[in-house]
Amino acid sequence: LFFSQFQEGEWLPIQQQQHHYPRIEFNHGRPIFSLSLPHTGMSILPRYFKCGNYAHTFSRYWSPPTKPRTPMGKCMMQNMRKLNSKYPQVNGHNSTPNLLTGCGNYSIWHELQYRGAPPQNENYTEGLCFDPILYPGSLEQLYIARPNATILLQIVDPKEWYASFSYDLHDQWTTWCNPTHSNVFPTERTEDAYLRFYEQYHNTLRHFVNSHHGWNLIELNLANSTSHAVIGARLQQQLGIESKCWMESIKGTIPQFDNGATDLTNNVDKQPTGPTEPSTMPPRLRPNDITYPILAVSLPKSGTTTIHDYFECNLGKFSSRHQWINKTHTIADCMLENTQTNTPILHKCDNGARVFTDIGVYRHRKRCYYPQFHGGLELFAQAYPRATIMLAVRNSTQWVTSASNYRHLKLRWANGQKKNGCPGSFPSPNAEDWEWEEFYERHTRKVRDFVVGHPTLTYVEVLLNDEIGDVVDDIFGFTKRCWGHKNVNEKNMGD
């Protein structure tokens, strides 16, 4: 079953066979709206339209650049409030002409949901939330704004969709979104409740499109891998983008980058004669959805600051935490305290963040805790079995040089083992550089071995080189070049 078609009051399957589909012209005035639920392949369409040379008129999540930047869903939510007369009118008329005013002028709109934390008030739990299908009146206003549009709806296996939930999605829907969305989101996190919600969500959109002339609905069933050739062929007929773009966009690995590193040829009995790369990298996973939380387990001076900046650039301010969660507590402090109280390892560590970088501590409060060395990864996998572990690696010799020049990092690590209760985690104070190289490479292998034993986790490994910006954009499905937008100096590449 690959596509659905509305006939005589119900949606019927179409079997795999040749069909002729009419060509759909799309532009700013006749746009494509992607109205799929989260975790239904949200990283596929950015790659697909980029392959079709539409990146310049495609937007994922963000409205046009402003200061501060505004998510498209937040912009639409604000316009809905004005359209509902919750804000003053100007000269007797609503000051907002339509739902999309100020939100952009794109040919393809993707990821329009928005969820924002409530104000910092313990007695106020209603968040800033918008779903284009479920926010009361929003579909009708979207139709008024663009009465000629194509709707893309991606369908996945409902049970797999439920299992892939990000750790925070249910809580945000029920506490932040239900008050403004007529309590349509399930209040109980059970499979049955969410399977019913999944079906109702799609049927709401299907029946709306069927009753509004001028809108076309294209459903893409991703649940069956054998359907992708059919999907590519259909989209080529309707959108004019070559079918190979779809096939390239749904690949789960990036084969052109698989050989970015070489095997280790050195060991503890032989001093390296020159720079070495990390051991042979596993296939680079390219997930079709970003699964949160993302735990960046790179050692310091391996891109931790750049990873943090990258996700804040793409996901918004405060979406990522780098080393600190507040003025007194590091991420590692919080994680260690949770391990001591037998609570989920990131409990109360996030403050709304979904990405965590530079997650170790080696001196603060005379503590030494690195999840990679001290059992934290196992607890992370137990608490968030569908989460993402990200590792950025670099040439080990270059890393040693960088770590040596960064606030005496090597020396502090080595000397702090006794003081901070971290015996055996780091080389000794008298260790040679080649021993530190081996330490770095052992860390890389340790992370890889861990994720091999936890297949439900998503593992993303990237090599810090000149191509990394294009690589991470392709992996996560972002179209805005955010990698290194702050660390523009070459000397900061590994921060």
Side-chain angles (χ1 to χ4, degrees), residues 167 268 278-279 293-304 307-308 321-326 328-350 353 355-385 387-393 396 399-400 403 406-407 409-429 431 435-454 456-461:
Y167 75 114
V268 295
S279 57
I294 297 176
L295 194 68
V297 297
S298 308
L299 289 173
K301 307 310 296 176
S302 294
T304 57
I307 292 172
H308 164 73
R321 295 288 175 189
H322 178 260
Q323 190 174 17
W324 296 91
I325 60 172
N326 55 42
T328 61
H329 262 57
T330 66
I331 299 169
D333 287 325
C334 183
M335 296 174 79
L336 179 58
E337 291 165 6
N338 285 331
T339 66
Q340 296 168 342
T341 58
N342 199 30
T343 53
I345 195 167
L346 289 176
H347 179 64
K348 294 186 177 180
C349 302
D350 55 350
V355 182
F356 302 85
T357 71
D358 204 351
I359 56 175
V361 63
Y362 51 87
R363 60 178 176 80
H364 183 61
R365 294 186 185 176
K366 296 184 178 180
R367 279 182 173 173
C368 178
Y369 180 73
Y370 278 79
Q372 308 95 302
F373 304 139
H374 305 128
L377 291 187
E378 186 64 48
L379 296 175
F380 176 80
Q382 291 174 11
Y384 318 106
T388 297
I389 287 182
M390 183 175 182
L391 177 66
V393 294
S396 58
W399 175 80
V400 171
Y406 181 71
R407 300 178 182 177
L409 177 62
K410 288 194 317 177
L411 187 62
R412 284 186 292 148
W413 266 346
N415 289 332
Q417 294 192 77
K418 289 184 179 180
K419 296 179 182 178
N420 299 337
C422 217
S425 297
F426 305 101
S428 69
E435 294 177 271
W436 282 98
E437 292 176 17
E438 276 292 316
F439 160 76
Y440 186 81
E441 292 160 351
R442 283 196 304 272
H443 170 264
T444 299
R445 288 193 295 265
K446 186 179 181 69
V447 173
R448 292 173 180 168
D449 291 343
F450 175 81
V451 296
V452 167
H454 296 78
T456 62
L457 293 171
T458 295
Y459 179 57
V460 175
E461 182 177 324

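Worth knowing before you read on, the calculation uses all heavy atoms, side chains too, and leaves out hydrogens, waters and symmetry mates.
Under the 30°/60° scheme for interplanar angles, the aromatic rings of Phe439 and Trp399 are found to be tilted. In this structure, Phe373 and Phe426 have perpendicular ring planes: the angle between them is above 60°, well past the 30° mark.
The CZ atom of Arg445 sits 6.0 Å away from the CD atom of Glu438 when rounded to the nearest 0.5 Å. How far CD1 of Ile331 is from CD1 of Ile345: 11.5 Å, rounded to the nearest 0.5 Å. For the atom pair OH (Tyr384) and CG (Leu379), the distance works out to 10.0 Å, reported to the nearest 0.5 Å. Separation of atoms CE (Met390) and OH (Tyr459) is listed at 10.0 Å; rounding is to 0.5 Å. Here the straight-line distance linking atom CD of Glu435 with atom CD of Glu437 works out to 10.5 Å at 0.5 Å rounding. In this structure, NZ on Lys348 lies 11.0 Å from CD1 on Ile325, to the nearest 0.5 angstrom.
Partners of Glu378 according to the side chain to side chain donor-acceptor pair (under 3.5 Å) rule, which considers only residues two or more places apart in sequence or in another chain, are His454. Residues passing the side chain to side chain donor-acceptor pair (under 3.5 Å) test with Thr388, sequence neighbours excluded: Thr291.
Counting only distance, with no hydrogens or angles, the side chain of Thr357 and the backbone of Ala296 share no donor-acceptor pair below 3.5 Å. When atom types are taken as modelled, the side chain of His308 and the backbone of Thr304 share no donor-acceptor pair closer than 3.5 angstrom.
Of all the heavy atoms in Pro371 and Ile359, the pair that sits closest is CD-O, 3.6 Å. Of all heavy-atom pairs spanning Thr328 and Asp333, the tightest one is O-OD2, 4.2 Å. For Leu295 against Met335, the heavy-atom pair with the smallest separation is CD1-CE, 4.4 Å. Minimum heavy-atom separation, Cys349 to Asn338: SG-ND2, 3.5 Å. The minimum heavy-atom distance between Pro293 and Ala387, with the atom names listed, is O-CB, 3.2 Å. The minimum heavy-atom distance between Ser396 and Glu441, with the atom names listed, is OG-OE2, 2.7 Å.
Heavy-atom neighbours of Asp449 CG from other residues, nucleotides or ligands within 6.0 Å: above the threshold of 12.
Just one residue in the list Val393, Leu299, Val297 forms a side chain to side chain contact (heavy atoms under 4.5 Å, CB included) with Val447, and that residue is Val297.
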Give the C-alpha distance, both sets of side-chain angles, the deciding distance and a yes or no for side chain to side chain contact (heavy atoms under 4.5 Å, CB included) between Leu391 and His443. CA-CA 10 Å; Leu391 177 66; His443 170 264; 4.0 Å; yes
Criterion side chain to side chain contact (heavy atoms under 4.5 Å, CB included) on Leu346 and Phe380, from CA distance to verdict: CA-CA 8 Å; Leu346 289 176; Phe380 176 80; 3.9 Å; yes
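Side-chain contact of Thr339 with Tyr369: a donor-acceptor pair under 3.5 Å is absent, judged by distance alone.
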